[in-house]
K.L.:
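Would you mind keeping the following structure in view while I ask a few things?
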Amino acid sequence: RDLHSFPTRRSSDLVVGMRFDLRRITEADLVKRLDFVCESCGREAKGDALRLIAVNAEGSLRDALSILEQVMAIDEGTITREDVLESLHAVGDGKIIKVLDSVLSNDLEKAIVTCNNAFDEGKDEKQFLNDLLIYLRNMMLAKVSGELDALINMHSDDLKELKRQANSVSMSFIERAIFEILHIIDLSKGASYPRILIEAGLIKVSNCLSQDEKIDRKSTRLNSSHGS
């Protein structure tokens, strides 16, 4: 069943449904509505896939339905998290973990090369910035409390890596990094070359590390290189 035709019972239903675009909807409510749409269209969807759509829709039902429609066009099987990532041209948490590991170890060359390789493969630069911001937000939640896992939509293996990174930095670093990426996102709106802003942003995030953290990471890198 075509998503554009949903719902089809009465035209007034469409008018009522459009009201929800005028205010922000919680992620939980968006997931419920997306699940209802999938069920009505005869499609199955994984819970983590619908949660990822809800996160990227940022409270907009219209945006959530638009993303869902794009995902449904990929294939006719069960909708998975990987399908959503493909539709969004997102790099995924695994790649962000690698980029941030490089930034935290002050290996900016590796971080920039990793990003550029992903973008050359067709991943979206602005989506990367949004995903990096969400990842830093998740780091902040993990740093606040181990009881907030329900608010973090990630695979268990990636969540372990996120917690490892969160434990290795200060809350001050995470806060500064979030504001730096927010600034880069604002600058990237309408920018002709967002990739340049991303590269500058990674350098700025690296500079958010305190001097003590930089010294500690430099020592770790030297020790690991001597060990190998």
Side-chain angles (χ1 to χ4, degrees), residues 48-49 51-52 55-56 80-143 149 151-171 173-185 188 193-210 213-228:
D48 59 350
R51 288 193 295 274
L52 183 58
V55 168
N56 280 274
T80 65
R81 182 183 177 88
E82 288 68 31
D83 291 332
V84 179
L85 291 173
E86 180 181 345
S87 175
L88 294 170
H89 300 287
V91 298
D93 291 325
K95 189 76 71 176
I96 290 179
I97 289 169
K98 291 180 180 179
V99 170
L100 203 52
D101 267 338
S102 298
V103 170
L104 294 179
S105 63
N106 209 30
D107 191 349
L108 291 172
E109 178 183 352
K110 184 176 180 180
I112 290 172
V113 169
T114 301
C115 284
N116 276 275
N117 287 342
F119 301 148
D120 289 341
E121 293 170 359
K123 303 305 181 184
D124 185 82
E125 289 100 334
K126 293 181 181 180
Q127 182 65 43
F128 170 79
L129 284 171
N130 290 334
D131 292 344
L132 179 56
L133 179 62
I134 292 171
Y135 188 88
L136 289 168
R137 171 258 190 187
N138 289 339
M139 282 183 68
M140 178 179 65
L141 295 181
K143 192 78 171 174
D149 288 2
L151 299 178
I152 302 175
N153 180 26
M154 297 178 69
H155 284 310
S156 57
D157 290 342
D158 291 338
L159 181 57
K160 290 178 183 178
E161 289 297 296
L162 178 139
K163 289 183 175 181
R164 172 184 62 79
Q165 290 178 334
N167 290 332
S168 72
V169 296
S170 65
M171 180 64 84
F173 162 79
I174 298 174
E175 292 171 351
R176 292 197 300 270
I178 285 175
F179 284 109
E180 289 292 354
I181 295 303
L182 279 170
H183 181 56
I184 296 298
I185 288 175
S188 70
Y193 303 100
R195 189 177 302 199
I196 297 175
L197 291 173
I198 291 173
E199 293 166 351
L202 293 177
I203 295 172
K204 295 284 283 185
V205 169
S206 175
N207 290 337
C208 290
L209 290 168
S210 68
E213 288 172 318
K214 288 182 178 180
I215 293 173
D216 181 60
R217 279 166 175 73
K218 185 176 182 181
S219 300
T220 301
R221 284 184 64 194
L222 288 173
N223 291 335
S224 63
S225 63
H226 289 320
S228 59

K.L.:
Using a strict 4.0 Å threshold on nitrogen-to-oxygen distance, state whether Asp131 and Lys123 make a salt bridge.
P.N.:
no

K.L.:
Would you call Arg81 and Asp93 a salt bridge, using N to O less than 4.0 angstrom?
P.N.:
yes

K.L.:
Pairing donors with acceptors under 3.5 angstrom, does anything connect the side chains of Asn117 and Thr114?
P.N.:
no

K.L.:
What residues, two or more places apart in sequence or in another chain, satisfy side chain to side chain donor-acceptor pair (under 3.5 Å) together with Asp120?
P.N.:
Arg195

K.L.:
Take Leu88 and Asp124 through the test side chain to side chain contact (heavy atoms under 4.5 Å, CB included) and record every step on the way to the result.
P.N.:
CA-CA 8 Å; Leu88 294 170; Asp124 185 82; over 6 Å; no

K.L.:
Can you name the nearest heavy-atom pair linking Gln127 to Ala90, along with the distance?
P.N.:
CG-CB, 3.9 Å

K.L.:
Do you know which two heavy atoms are closest between Ile198 and Ile184, and how far apart they sit?
P.N.:
N-CG2, 4.5 Å

K.L.:
Under the side chain to side chain contact (heavy atoms under 4.5 Å, CB included) rule, what do Ile96 and Val91 come out as? Steps first, then yes or no, please.
P.N.:
CA-CA 7 Å; Ile96 290 179; Val91 298; 3.7 Å; yes

K.L.:
Evaluate the side-chain proximity of Phe128 to His89: yes if any heavy-atom separation is below 4.5 Å, no if none is.
P.N.:
no

K.L.:
Can you measure from CG (Asp158) to CG (Leu162) and round to the nearest 0.5 angstrom?
P.N.:
8.5 Å

K.L.:
Got a donor-acceptor contact below 3.5 angstrom from the Gln165 side chain to the Ile97 backbone?
P.N.:
yes

K.L.:
Nearest 0.5 Å please: distance from the OG atom of Ser206 over to the CG atom of Leu104.
P.N.:
8.0 Å

K.L.:
Would a 4.5 Å heavy-atom cut-off, applied to side chains only, mark Leu197 and Glu125 as touching?
P.N.:
no

K.L.:
Rounded to the nearest 0.5 Å, what separation is found between the CG atom of Leu151 and the CZ atom of Arg137?
P.N.:
6.0 Å

K.L.:
Does Asp83 reach the main-chain N or O of Thr80 with its side chain, forming a donor-acceptor pair under 3.5 Å?
P.N.:
yes

K.L.:
For residues Asn207 and Glu180, is any side-chain donor paired with an opposing acceptor at under 3.5 Å?
P.N.:
no

K.L.:
Given the rule in the side chain to side chain contact (heavy atoms under 4.5 Å, CB included) test, do Asp48 and Arg51 qualify, once you have shown the distances and angles that lead to the verdict?
P.N.:
CA-CA 5 Å; Asp48 59 350; Arg51 288 193 295 274; 3.5 Å; yes

K.L.:
Restricting to non-hydrogen atoms, name the atom on His155 and the atom on Glu82 that form the minimum distance, rounded to 0.1 Å.
P.N.:
NE2-OE2, 3.6 Å

K.L.:
Which value, rounded to the nearest 0.5 Å, describes the distance between Asp101 atom CG and Ser105 atom OG?
P.N.:
7.0 Å

K.L.:
Measure across Leu100 and Tyr135 and return the closest heavy-atom pair with its distance rounded to 0.1 Å.
P.N.:
CD2-CE2, 3.5 Å

K.L.:
Tell me if the NZ atom of Lys204 is crowded by more than 12 foreign heavy atoms within 6.0 Å.
P.N.:
no

K.L.:
Determine whether a donor-acceptor pair (N or O, by modelled atom type, separation under 3.5 Å) exists between the side chain of Lys143 and the backbone of Ser170.
P.N.:
no

K.L.:
Hey, what do you get for CG (Leu85) to CG (Leu52), rounding to the nearest 0.5 Å?
P.N.:
5.5 Å

K.L.:
Identify the two heavy atoms, one from Ala142 and one from Lys163, that lie closest to each other, and give their separation to 0.1 Å.
P.N.:
CB-CG, 4.2 Å

K.L.:
Main chain of Val84, side chain of Ser87: is a donor-acceptor contact present, judged purely on distance under 3.5 Å?
P.N.:
no

K.L.:
Assess whether side chain to side chain contact (heavy atoms under 4.5 Å, CB included) is satisfied between Ser102 and Leu108, documenting all intermediate values.
P.N.:
CA-CA 6 Å; Ser102 298; Leu108 291 172; over 6 Å; no

K.L.:
Rounded to the nearest 0.5 Å, how far apart are OH of Tyr193 and CD of Glu199?
P.N.:
13.0 Å

K.L.:
Quick one: closest heavy-atom pair of Met154 and Asn138, and the distance?
P.N.:
SD-ND2, 4.0 Å

